[in-house]
Number of protein chains: 2
Amino acid sequence: MSTREKILHTALELINDKGYVHVGVREIGRALKKSPGNISYHFSKKEDILIALLEQYRETNSALYEDYFAGQPSAHRFLELMKGIFDSQFRYRGVFIGNQFVKEEIQSGNRYDYRATYQQRLSGFTRIFRELRESKHLQVSDEDIEFLVAHIALVGRFWIYEATLFDKSPNQESTVKHYLDLLARQISLFATPLGAQDISEFRVSQE
Amino acid sequence: MSTREKILHTALELINDKGYVHVGVREIGRALKKSPGNISYHFSKKEDILIALLEQYRETNSALYEDYFAGQPSAHRFLELMKGIFDSQFRYRGVFIGNQFVKEEIQSGNRYDYRATYQQRLSGFTRIFRELRESKHLQVSDEDIEFLVAHIALVGRFWIYEATLFDKSPNQESTVKHYLDLLARQISLFATPLGAQDISEFRVSQE
DNA sequence: GTCTATACAAGGATAGAC
DNA sequence: GTCTATCCTTGTATAGAC
């Protein structure tokens, strides 16, 4: 593992544990028995570490979406996709939580074009729901789809904040299960009998 | 207005505008033509300013809940309550957004017992939905209520994060309207004809 | 190209004079 | 209640060794 990769690995662990603002450049160096200046050599700004982690996260997710779109649309496979995304968000939780910076980076769009990725994700979800309508898993109007997409955009982004709000280090399995369950119940409200069966099968498979 | 109140007022403005981490003690002092040491005299730690603002926010909200529970339960009045809460969250948006600290304060529970307040709010929502069932506005099982409460807890806390994610200073009226609308649509899914009429009346009144 | 040592600036916190 | 002076930590930049 290169020094750069080691830094990212250690930084993510520390950030998940203590939060971005409380992890100093000196501390990352100490954990790796390197000098703080060496960290600066690989990442000239502390924020650059966060950018690199965000990039890793985005690549993981893009692969998950590609997998989904390569197969047949179904409520079951959609929930599997969401489980993959939630697991990956959990792994990178420290990157999202409690730092003004990610927000600023998103707003400035200088280095990490989050806005474009986000728009892509939203149209991805719109496409997913339209396909689930065509495949008779969901019975939804265009307005319903808009509503569901807005819902997923919010829940899918902020569940991890809520999960770590009262519990500093929650259990990944039960936490992801809880929020997936909420999501499953939400789309159940628009499911056809076929979709409902698919969803209940998924929920059983997660027991 | 006492110096203490002036500090809180100015700090909230600056924090809403620039974010907590980017507002320095020296800067608050400069805006008030006071020395930084004087700010420290009134609030020995920068975090204490945030605590005091959280306290103001909580008091505003408690009054709103009391008003609601003093009257008759209805879907319309419930949405009015939520509008009051959303407006107040908007006013204090900088306090919630982009700082690790509020989270830590919640977790430690040293000075600001957020956990207890939060639990109160959750049982408040459970009560509200049970009453709306009794008054024939909603047709919900106990499981549905649990689901709706979980939903409101998440959306009601994090909509303001989402709203400021891509837009640094969003328009209060249209933003609150958008998220209230999502909320109205969500409870519409469980509404009786009476409740549905109540909800659509509310939506019309917000045009 | 990789790393260490070190200097500098900015911001929160504190002691003590008035 | 208010101010000045000072300390300490932390992000950042750079000179120079290997």
Side-chain angles (χ1 to χ4, degrees), chain A residues 1-54 94-95 97-108 110-112, chain B residues 1-54 94-95 97-105 108 110-112:
Chain A
M1 209 192 278
S2 68
T3 302
R4 187 191 149 84
E5 285 168 336
K6 277 185 201 160
I7 292 172
L8 287 177
H9 184 80
T10 304
L12 180 58
E13 272 190 359
L14 289 169
I15 290 171
N16 278 345
D17 187 40
K18 307 174 60 175
Y20 176 72
V21 286
H22 293 121
V23 177
V25 176
R26 286 166 179 80
E27 185 181 1
I28 298 171
R30 216 180 309 132
L32 289 167
K33 301 194 195 301
K34 309 264 182 195
S35 77
N38 193 6
I39 310 298
S40 290
Y41 168 72
H42 290 280
F43 298 94
S44 63
K45 301 185 74 176
K46 184 183 165 187
E47 301 178 345
D48 293 342
I49 298 177
L50 217 50
I51 300 273
L53 289 170
L54 275 171
V95 172
I97 294 166
N99 66 81
Q100 178 78 357
F101 165 68
V102 169
K103 184 168 163 276
E104 279 155 14
E105 190 52 34
I106 288 171
Q107 280 171 1
S108 73
N110 286 339
R111 281 161 296 178
Y112 181 69
Chain B
M1 210 192 276
S2 68
T3 302
R4 186 190 150 87
E5 284 168 336
K6 278 185 200 160
I7 291 171
L8 287 177
H9 184 80
T10 304
L12 180 58
E13 271 189 0
L14 288 170
I15 290 171
N16 278 345
D17 187 40
K18 307 175 60 176
Y20 176 71
V21 286
H22 293 120
V23 177
V25 176
R26 286 168 176 81
E27 185 180 1
I28 298 171
R30 216 178 309 132
L32 289 166
K33 300 193 195 302
K34 307 265 182 196
S35 76
N38 192 6
I39 310 299
S40 292
Y41 168 74
H42 289 281
F43 298 94
S44 64
K45 302 185 73 176
K46 184 184 167 187
E47 300 179 344
D48 292 341
I49 297 178
L50 218 49
I51 299 274
L53 289 170
L54 275 171
V95 173
I97 294 166
N99 64 82
Q100 178 79 359
F101 164 69
V102 169
K103 185 169 163 275
E104 279 154 15
E105 191 52 35
S108 73
N110 286 338
R111 280 162 295 179
Y112 181 68

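All values derive from a computational prediction rather than experimental measurement.
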**Report entry** Distance test, side-chain N/O of B:Tyr41 to OP1/OP2 of D:dG1, below 4.0 Å
**Finding:** yes
Taken to the nearest whole Å, CD1/A:Ile7 to C1'/C:dC3 is 11 Å
Exercise for the section: Evaluate the side-chain proximity of B:Asn38 to B:Ile7: yes if any heavy-atom separation is below 4.5 Å, no if none is. Expected result: no
dist A:Ile28:CD1 -> A:His42:NE2 (nearest 0.5 Å) comes out at 12.5 Å
When rounded to whole Å, the CZ to P distance for the pair B:Phe43 and D:dT2 reads 12 Å
Select base, sugar-phosphate, or nothing to describe what B:Val21 touches, counting heavy atoms under 4.0 Å on all strands. nothing
Residue pair B:Thr3/B:Arg26 against DNA chain D: nearer the 5' end by closest nucleotide is B:Thr3
Handout entry: Short side-chain N/O contact to C:dT14 OP1/OP2 from B:Ser44, under 4.0 Å
Key = no
Separation of D:dG11 atom P from A:Glu27 atom CD, nearest Å, is 9 Å
Rounded to whole Å, the NE2-P distance (B:His42 to D:dG1) equals 6 Å
Side-chain contact check for B:Lys34: nearest option of D:dG11, D:dT2, C:dG1 is D:dT2
When rounded to the nearest 0.5 Å, the distance separating CD1 of A:Ile49 from CG of A:Leu12 is 11.0 Å
Rounded to whole Å, the CD-P distance (A:Glu47 to D:dT12) equals 6 Å
Side-chain contact check for A:Lys45: nearest option of C:dG11, C:dC3, D:dT12 is D:dT12
The nucleotide from C:dA13, C:dT4, D:dT2 with an atom nearest the side chain of A:Ser35 is C:dT4
Between CG of B:Asn38 and C1' of D:dA5 the distance, given in whole Å, is 15 Å
Worksheet item: Across the strands shown, which category fits A:Gly24 at heavy-atom distances under 4.0 angstrom: base, sugar-phosphate, nothing?
Response: sugar-phosphate
B:Lys33 NZ to D:dG1 P, in whole Å, measures 22 Å
Taking C-beta and beyond as the side chain, do A:Ile51 and A:Phe43 meet within less than 4.5 Å on heavy atoms?
no
Whole-Å distance, A:Lys46 NZ to D:dT12 C1', equals 12 Å
Per atom distances to the B:Ser40 side chain, the nearest of D:dT2, C:dT2, C:dA13 is C:dA13
- prompt: Could you walk me through whether A:Ile15 and A:Leu50 pass the side chain to side chain contact (heavy atoms under 4.5 Å, CB included) check?
  reply: CA-CA 10 Å; A:Ile15 290 171; A:Leu50 217 50; 4.3 Å; yes
